[in-house]
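For reference, the structure discussed in these notes is given below.
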Amino acid sequence: MVRADTALRRFIVVAGGLFLCLTVFLGITAFAEIPDELEIDFFDVGQGDATLIQTPTHHTILIDGGRDATVSRKIAAELPFYDKTIDLVILTHPDLDHMGGLPDVLRRYRVGTIFSLDVSKDLGAYRAMMDRAHADGIPVVSVYAGDTIRFVPGLEMVVLAPEKGQIREEDLNNSSIVVKLTYNTKHWLFTGDAAEESENRMRARAQPLSADVLKIGHHGSRFSSSAAFLQAVGADVAVISTGAKNPYGHPHPEALERVARQGMTVYRTDRQGDIEMRSDGTFMTITTEKPERPASPF
Ligand SMILES: [Zn+2]
């Protein structure tokens, strides 16, 4: 592991360097083809999580990698064919439905930095991923609540969880890395598989949780999305990343009811497929792969 502040600085510097090389090489066409807005793609990867963020500063961030190599195909369809760089991979916690596709991502893309929990999970896929990262010289950074990446003024990502000393290998869900992305007036909260215990700790900290979009914790498990947490976030839009007919019964009716009571419009990857959000920092558009309308409380 690398100290967070050092590695965060390196991430910005490295990413900036790569961007500079890329634009020099590609010339003006790169500017013409890369949209000057934030794009967030919640990929339909079945039962799991995988979200790609492309910032207006031309940074690419992947939060989790789903269960298998599906995520690589989805990323390839989003990025320009010449772009094989992912500046930052955030593995919220090393469970297979978040990590299984990452070894394939590491094979196909140049990854700048990995944020991961400081755990020694005895899982073949996790070891394989870490071995690959070490072999490729990719810094693996443990981040904690309060760590912040400032891309430019108005665009930043803040880590809300876990706190130092709160990581438990026997409860990885409640150890999930939770981040909040801000672009001017718009905010997105990505919760991994955090459950009520982690939600309560986040509420207890003096940090604004408010967001416009909430990636619902743990695929809509009934042990996540407590009414108090939903209220503290106050989001208009909920995204549930889950597989159709999954054996866990996600999303659970109790969680859905709490979300509905909060008045949120619900997008689900099992029903709408890939969910794409674009924002200029003031307005946001949402488009879905499949035509099914989102579940609206109105
Ligand atoms: Zn999960």
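Start at 1 and go down the list; that is how both ligands and their atoms are numbered. Computed from heavy atoms alone, side chains included, the values below leave out hydrogens, waters and symmetry copies.
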Check: H98 ring centre within less than 6.0 Å of H219 ring centre: yes
Ring-ring centroid check F151 H59, cutoff 6.0 Å: yes
Pair R205-E163, side chain to side chain contact (heavy atoms under 4.5 Å, CB included): steps then yes or no: CA-CA 10 Å; R205 281 172 58 85; E163 292 172 60; 3.4 Å; yes
Taking NZ, NE, NH1 and NH2 as the nitrogens, is one of them in D41 or K74 under 4.0 Å from a carboxylate oxygen of the other? no
Salt-bridged, R203 to E199, with N to O below 4.0 Å? no
Tell me the protein N, O or S atoms under 2.8 Å from the Zn ion (ligand 1), in chain and number order. D97 OD2, H98 NE2, D193 OD2, H219 NE2
Verify whether one side chain among S221 and H252 offers a donor that lies under 3.5 Å from an acceptor in the other. no
